[in-house]
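The structure appears right after this line, and notes come after that.
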Amino acid sequence: MSLDVTMEQHPGQTRVVLSGELDIASTDGLEKQLAAIEVDPPATLVLDLRGVEFIDSTGLRSVVAADERARSNGRRLAVVHSPNAVARLLTVTQLDQRLEIVDDPDALSA
């Protein structure tokens with residue numbers, strides 16, 4: 001299964017909605033799309049992982065790298081997850097303590 005990436009503009013935020021598998025085969029494409037967004041970055045970047053069925057260490061690295069870039073530039077990155085294997089992996093790796101995890105991107109305030 002491949003990774004589908006959709007960009008959505010919402011007031012005060014850009015959402016990157018992912019569905020499929022975020023792994024070594026798909027992270028390069030995601031990184032390129034994130035780089036394009038970061039040229040003129042939104043105040044809040046939301047990575048919506050609710051449709052991600054599988055994520056490997058390369059995918060996790062992409063999420064962490066996006067968070068590091070946002071923090072170093074004074075921006076906000078939020079990660080949306082659902083109760084599945086991805087959420088479990090974020091907990092096991094303790095990334096749920098480092099990343100801003102939200103259940104509903106519509107509830108984010110600017």
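Residues take their numbers from the sequence shown, with the count starting at 1.
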Spacing of [X] atom [atom1] and [Y] atom [atom2] [to the nearest 0.5 Å]:
{"X": "Thr14", "Y": "Leu45", "atom1": "OG1", "atom2": "CG", "answer": "6.5 Å"}
{"X": "Asp48", "Y": "Thr6", "atom1": "CG", "atom2": "OG1", "answer": "10.0 Å"}
{"X": "Ser62", "Y": "Leu30", "atom1": "OG", "atom2": "CG", "answer": "5.5 Å"}
{"X": "Leu89", "Y": "Phe54", "atom1": "CG", "atom2": "CZ", "answer": "8.5 Å"}

Heavy-atom closest contact ([X] atom, [Y] atom, distance):
{"X": "Ser26", "Y": "Glu21", "answer": "OG-O, 2.8 Å"}
{"X": "Thr58", "Y": "Asp23", "answer": "CB-C, 4.4 Å"}
{"X": "Arg69", "Y": "Arg75", "answer": "O-NH2, 3.5 Å"}
{"X": "Gln13", "Y": "Arg15", "answer": "OE1-NE, 2.6 Å"}
{"X": "Leu22", "Y": "Gly59", "answer": "CG-CA, 3.6 Å"}
{"X": "Val52", "Y": "Val86", "answer": "O-CG2, 3.5 Å"}

Is there side-chain contact between [X] and [Y], with heavy atoms separated by less than 4.5 Å?
{"X": "Arg71", "Y": "Arg98", "value": "yes"}
{"X": "Leu34", "Y": "Val16", "value": "yes"}
{"X": "Leu3", "Y": "Leu18", "value": "yes"}
{"X": "Leu47", "Y": "Val80", "value": "no"}
{"X": "Arg50", "Y": "His81", "value": "no"}

Transitive ILVMFWY side-chain link Leu60 to Val5, under 4.5 Å =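 Yes, it is one cluster - the side chains of Leu60 and Val5 are joined through contacts under 4.5 Å.
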Take atom CG in Asp40; do more than 12 heavy atoms of anything else shown fall under 6.0 Å from it?
->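 Open: at most 12 neighbouring heavy atoms sit under 6.0 Å from CG of Asp40.
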Would one find more than 12 heavy atoms of other residues, nucleotides or ligands at under 6.0 Å from atom CD1 of Ile37?
->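 Above 12, so yes.
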Taking only residues two or more places apart in sequence, or in another chain, which ones meet Asp28 in a side chain to side chain contact (heavy atoms under 4.5 Å, CB included)?
->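 Checked Asp28 against side chain to side chain contact (heavy atoms under 4.5 Å, CB included); matches are Lys32.
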In chain order, what residues pass the side chain to side chain contact (heavy atoms under 4.5 Å, CB included) check against Leu99, with sequence neighbours excluded?
->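 Result, side chain to side chain contact (heavy atoms under 4.5 Å, CB included) vs Leu99: Val63, Asp67, Val79, Leu90, Leu95, Ile101.
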Taking NZ, NE, NH1 and NH2 as the nitrogens, is one of them in Arg61 or Glu68 under 4.0 Å from a carboxylate oxygen of the other?
->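 Salt bridge flag = no for Glu68 with Arg61.
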Under 3.5 Å, side chain of Thr91 to main-chain N/O of Ala87, donor-acceptor pair present?
->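 It does hold such a pair.
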Residues two or more places apart in sequence or in another chain: which of them pass salt bridge (charged side-chain N to carboxylate O under 4.0 Å, His left out) with Glu8?
->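 Glu8: no salt bridge (charged side-chain N to carboxylate O under 4.0 Å, His left out) contacts found.
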